Colleague: 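Handing you this structure, nothing more for now.
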2 protein chains.
Amino acid sequence: MVRRGRHAGAWKNVVLTQDEQFALKRRALLRQAARAFSEKGYHDTSLTDVAKALGVTKSALYYYVDDKQEILFECHKLSHDFGDQAIEYAEKHGRNGREKISLLVRTYLELLTSELGACAVLLEFNALTPANRKIIGRRRDTFEHYFRKLVQTGIADGSLRKVDPKLTVFFFMGAVNWLTRWFDPSGEHSGEHIAKEFAGLLDAAIRSR
Amino acid sequence: MVRRGRHAGAWKNVVLTQDEQFALKRRALLRQAARAFSEKGYHDTSLTDVAKALGVTKSALYYYVDDKQEILFECHKLSHDFGDQAIEYAEKHGRNGREKISLLVRTYLELLTSELGACAVLLEFNALTPANRKIIGRRRDTFEHYFRKLVQTGIADGSLRKVDPKLTVFFFMGAVNWLTRWFDPSGEHSGEHIAKEFAGLLDAAIRSR
DNA sequence: CGCTTAATTGACTACAAGGTCAATTTCTTG
DNA sequence: CAAGAAATTGACCTTGTAGTCAATTAAGCG
């Protein structure tokens with residue numbers, strides 16, 4: 001969906017500009033859809049439902065989005081942005097493989113849990129169009145590949161025991177993706193707590209003794 | 001689907017009885033559907049596709065099954081049977097919490113990977129009918145609850161460190177459910193290998209040092 | 001062979017839900 | 001206020017696919 005522009009005027013108004021309102025509403029739409037997707041799954045979520053939840057008609061949604069698939073695609077992209085952020089952070093502050101992994105995991109989980117709506121969609125990978133699947137798949141591969149290399153680094157620098165990097169990454173990614181299904185922001189465990197606990201579990205699983 | 005019986009005759013023939021053939025074909029249908037479900041997801045799998053893969057018409061499927069939902073339901077039940085088997089085995093041969101968990105994990109994963117078709121469906125939980133979801137959900141809860149108690153046992157008997165039982169179980173269940181998405185029976189890692197590795201990772205994550 | 005039941009087919013229906021579009025209301029601005 | 005653009009609506013079209021059913025073919029059996 002590409003927004004057709006309209007001249008924004010010489011100076012920003014105090015209230016929101018049309019473009020900002022557009023962006024805001026679109027975001028609300030994405031959030032609501034993502035929430036619904038994670039609850040009932042992509043295919044069982046009708047756009048009519050989403051629209052109703054937003055107090056609007058299905059037709060209105062199509063003003064902000066080309067089609068249903070675009071929503072899902074956008075959600076996936078948003079989720080992967082968190083991965084990128086986490087990588088950046090880990091790379092900057094970690095001093096060896098083990099530290100970087102702990103930071104990566106913890107940061108990633110904190111971001112995910114803080115804005116879960118966008119991410120609960122990770123499980124809906126095969127609801128993506130083949131074309132989109134290719135794009136998202138590539139991004140996921142990049143993430144996992146980086147993660148795997150981190151494990152190898154850790155083994156090389158002695159901070160980790162000798163585990164299978166590939167399986168270790170899969171092991172953890174599963175735990176994370178699954179998290180998006182049971183995590184409840186208003187539940188007994190806070191996102192930070194879970195992030196810390198999971199990071200601790202993984203760390204214990206792979207650190208050198 | 002309840003099979004309407006027909007008198008089976010006085011002695012079992014050398015060849016398959018009709019009932020046996022029925023059961024066999026039905027099983028083949030379930031396997032094929034499960035395979036398709038795990039590849040493309042429940043909703044993106046049309047029964048026409050499944051039928052075609054079996055060299056038959058969609059209508060023929062309805063001779064063995066009441067509806068599409070029954071297939072999914074059946075697959076879920078099958079998957080959980082593995083869980084029960086694994087519990088039984090672990091309970092019989094494990095001598096403390098840690099041992100039981102290792103056995104449970106390993107057995108469960110070996111069963112899953114050996115007949116993955118039936119289990120790749122675990123991710124399609126919310127494609128279940130509300131009624132069926134309740135049934136399967138209850139069964140899943142039972143499994144997870146048993147697992148959790150095992151962790152508590154392990155902590156109590158000193159074989160495990162002090163981890164959060166609930167989060168630990170979720171952590172692992174995620175890894176398992178995710179496995180069903182990437183595991184390839186003809187891939188580089190055998191099911192046994194993965195079972196062993198995963199069990200090792202979890203064990204390292206939670207054992208007392 | 002000929003009767004009965006199992007098994008399968010193909011044509012058909014039902015319907016949910018994605019998507020379109022002209023018409024209408026609401027906003028913004030000169 | 002008036003004009004034009006933004007935003008939204010409701011009616012409608014389209015399609016994919018689950019599910020039905022009478023009719024047909026294949027199997028078993030006396």
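Just so it is clear, the structure is predicted and the values come from calculations on it, not from any experiment. Just so we're on the same page: letters track the sequence lines, and every chain starts at 1.
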Colleague: Check salt bridge (Lys or Arg N to Asp or Glu O under 4.0 Å) between Asp67(B) and all other residues, then give those that pass, not counting sequence neighbours.
Modeller: none

Colleague: For dT8(C), does either OP1 or OP2 sit under 4.0 Å from a side-chain N or O belonging to Tyr64(B)?
Modeller: yes

Colleague: Tabulate below the donor-acceptor pairs under 3.5 Å that side-chain atoms of residues 100-109 of chain B make, not counting sequence neighbours, or state none.
Modeller:
from	atom 1	to	atom 2	distance (Å)
Lys100(B)	NZ	Glu91(B)	OE2	2.7
Thr107(B)	OG1	Leu103(B)	O	2.6

Colleague: Let me know the distance between CZ of Phe22(A) and P of dA5(D), rounded to the nearest Å.
Modeller: 17 Å

Colleague: Take the protein atom CD of Glu70(A) and the nucleotide atom P of dG18(C), then report the distance between them rounded to whole Å.
Modeller: 15 Å

Colleague: How long is the line joining NZ of Lys25(B) and P of dA26(D), in whole Å?
Modeller: 13 Å

Colleague: Under the salt bridge (charged side-chain N to carboxylate O under 4.0 Å, His left out) rule, what pairs show up with a residue in residues 137-146 of chain A, not counting sequence neighbours?
Modeller: Asp81(A)-Arg139(A), Asp84(A)-Arg139(A)

Colleague: Taking salt bridge (Lys or Arg N to Asp or Glu O under 4.0 Å) as the test, write out the residues that go with Arg207(A), two or more places apart.
Modeller: Asp203(A)

Colleague: Taking only heavy atoms on the protein side, list every residue of residues 41-50 of chain A lying under 4.0 Å from any atom of DNA chain D, sorted numerically.
Modeller: none

Colleague: Which class fits the ring pair Phe198(A) and Trp182(A): parallel under 30°, tilted 30 to 60°, perpendicular over 60°?
Modeller: tilted

Colleague: In whole angstrom, give the distance that lies between atom CD of Gln69(B) and atom P of dG19(D).
Modeller: 9 Å

Colleague: Looking only at the side chain of Ser59(B) (C-beta and beyond, no hydrogens), which of the listed nucleotides dT8(C), dC21(D), dT8(D) gets closest?
Modeller: dC21(D)

Colleague: Lys52(B) NZ to dT17(D) P: how many Å, rounded?
Modeller: 10 Å

Colleague: Can you measure Leu61(B) atom CG to dA6(C) atom P for me and round it to whole angstrom units?
Modeller: 19 Å

Colleague: ring-ring contact (aromatic ring centres under 6.0 Å, His included) with His145(B): which residues, sequence neighbours excluded?
Modeller: none

Colleague: Could you check how far NZ of Lys58(B) sits from P of dT17(D), rounded to whole Å?
Modeller: 9 Å

Colleague: Does any N or O donor sit under 3.5 Å from an N or O acceptor when you compare the side chain of Lys68(B) with the base of dG19(D)?
Modeller: no

Colleague: Rounded to whole angstrom units, what separation is found between the OH atom of Tyr63(A) and the C1' atom of dT8(D)?
Modeller: 10 Å

Colleague: Is there side-chain contact between Phe170(A) and Leu179(B), with at least one heavy-atom pair below 4.5 Å?
Modeller: no

